[in-house]
Amino acid sequence: MKKTSFCTLFLLLFAFFLPLSIQANSAEPPGLVIIVNNPPDDLTLSLQFDDAEAELVSERKAWEGYYQFYYHRVGNDLTDIDFSHAKLIVSSAEFNFSCNLPDTVFHRYNNLVTLDLKTQTIQEGKSKLRIALLVILRVSLTLVIEGIVFYLFGYRKLKSWITFFVVNLLTQGFVNVSLSSDKQRDDKIRHQWFCNMFFKADLKKTCNNESNMV
């Protein structure tokens, strides 16, 4: 009894005298992400509007470059900006050109496009080759790690390894297909939230009509 009371008192004192500060991010703000394969180190991307220009924030992951733009970077009142006439400005020592963005780029909460520097073109979404490559990499890495653990636990029989591969391929295939699928319902909900948060009442009807088409 005394031991339990002492432990309880210790935990209460520990929680009282050692408060911990916690930081957490909110949901990702609405914006645009442009994927570029093997971008040059000096590559910069900017979005040019009627009377404003915003440089995209770059991030390198493996062989890909991610260039991110968020709506709040051009101001709180988005009703004065014509997103339909936005142009992408590409600049580096090797590439210097501009191109129009697809008409439907800014119709969703989160927008993703792929920039091909060689052809100087933009396509919505991710390329099928990229999706297939990432799926193969994820599945292969999972099989290697779990295979090592499976071997260390002493499984040596062929029947056990066949079961291991069949179960993993089925489960990993389901997970990767789910992650790679186009979640139109979520896009519709987040698109409606974006319209209500950033656009004035006179634009809500237009946003509702566009969200019904998604």
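Worth saying up front: this structure is predicted, and the values here are computed from it rather than measured.
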### Message
If I take atom CG from residue L88 and atom CD1 from residue I122, how far apart are they, to the nearest 0.5 angstrom?
### Response
4.5 Å

### Summary
Hits for side chain to side chain contact (heavy atoms under 4.5 Å, CB included) against T171, two or more places apart or cross-chain, chain-then-number order -> V167

### Summary
side chain to side chain contact (heavy atoms under 4.5 Å, CB included) filter on F174, not counting sequence neighbours, yields S178

### Task
State, to 0.1 Å, how close I89 and S98 come at their nearest heavy-atom pair, and which atoms those are.
CD1-CB, 3.6 Å

### Side-chain hydrophobic cluster, 4.5 Å single linkage: members besides V166
L158, I162, L170

### Query
Rest of the hydrophobic cluster containing L133 (Ile/Leu/Val/Met/Phe/Trp/Tyr, side-chain heavy atoms under 4.5 Å)?
W63, L134, L137

Please set out all donor-acceptor pairs under 3.5 angstrom arising from side-chain atoms of residues 34-45, sequence neighbours excluded.
residue: D42; atom: OD2; partner: A93; partner atom: N; Å: 2.9
residue: T44; atom: OG1; partner: S91; partner atom: O; Å: 3.4

### Which residues share a ring-ring contact (aromatic ring centres under 6.0 Å, His included) with F164, sequence neighbours left out
F150, W161

### Query
Does one hydrophobic cluster hold both I145 and Y151, with members joined at side-chain heavy-atom distances below 4.5 Å?
no

### Query
Are the side chain of R60 and the backbone N or O of A62 linked by a donor-acceptor pair below 3.5 Å?
yes

### Task
Sequence neighbours left out, what passes salt bridge (Lys or Arg N to Asp or Glu O under 4.0 Å) with E64? Give chain and number order.
R130

### Summary
The reported gap from CG in L112 to CG in L32 (rounded to nearest 0.5 angstrom) is 8.0 Å

### Message
Once side chain to side chain donor-acceptor pair (under 3.5 Å) is applied, do any residues pair with T119, and if so which ones, sequence neighbours excluded?
### Response
D116, T121

### Task
If you link ILVMFWY side chains whenever their heavy atoms are less than 4.5 Å apart, which other residues fall into the same cluster as V144? By chain and number, please.
I148, L152

### OG1-CG distance between T163 and N168, expressed to the nearest 0.5 angstrom
11.0 Å

## Note on the structure
Hits for side chain to side chain contact (heavy atoms under 4.5 Å, CB included) against K61, two or more places apart or cross-chain, chain-then-number order -> E59, Y66

### Query
Measuring from F97:CZ to K87:NZ, what's the distance to the nearest 0.5 Å?
13.0 Å

### Task
State yes or no: do I136 and F165 share one hydrophobic cluster built from I, L, V, M, F, W and Y residues joined by side-chain heavy-atom distances below 4.5 Å, directly or via other members?
no

### Query
Atom CG in L169, atom CD in Q172: separation rounded to 0.5 Å?
8.5 Å

### Message
Using side-chain heavy atoms (C-beta onward) and a distance below 4.5 Å, is L56 in contact with Q68?
### Response
no

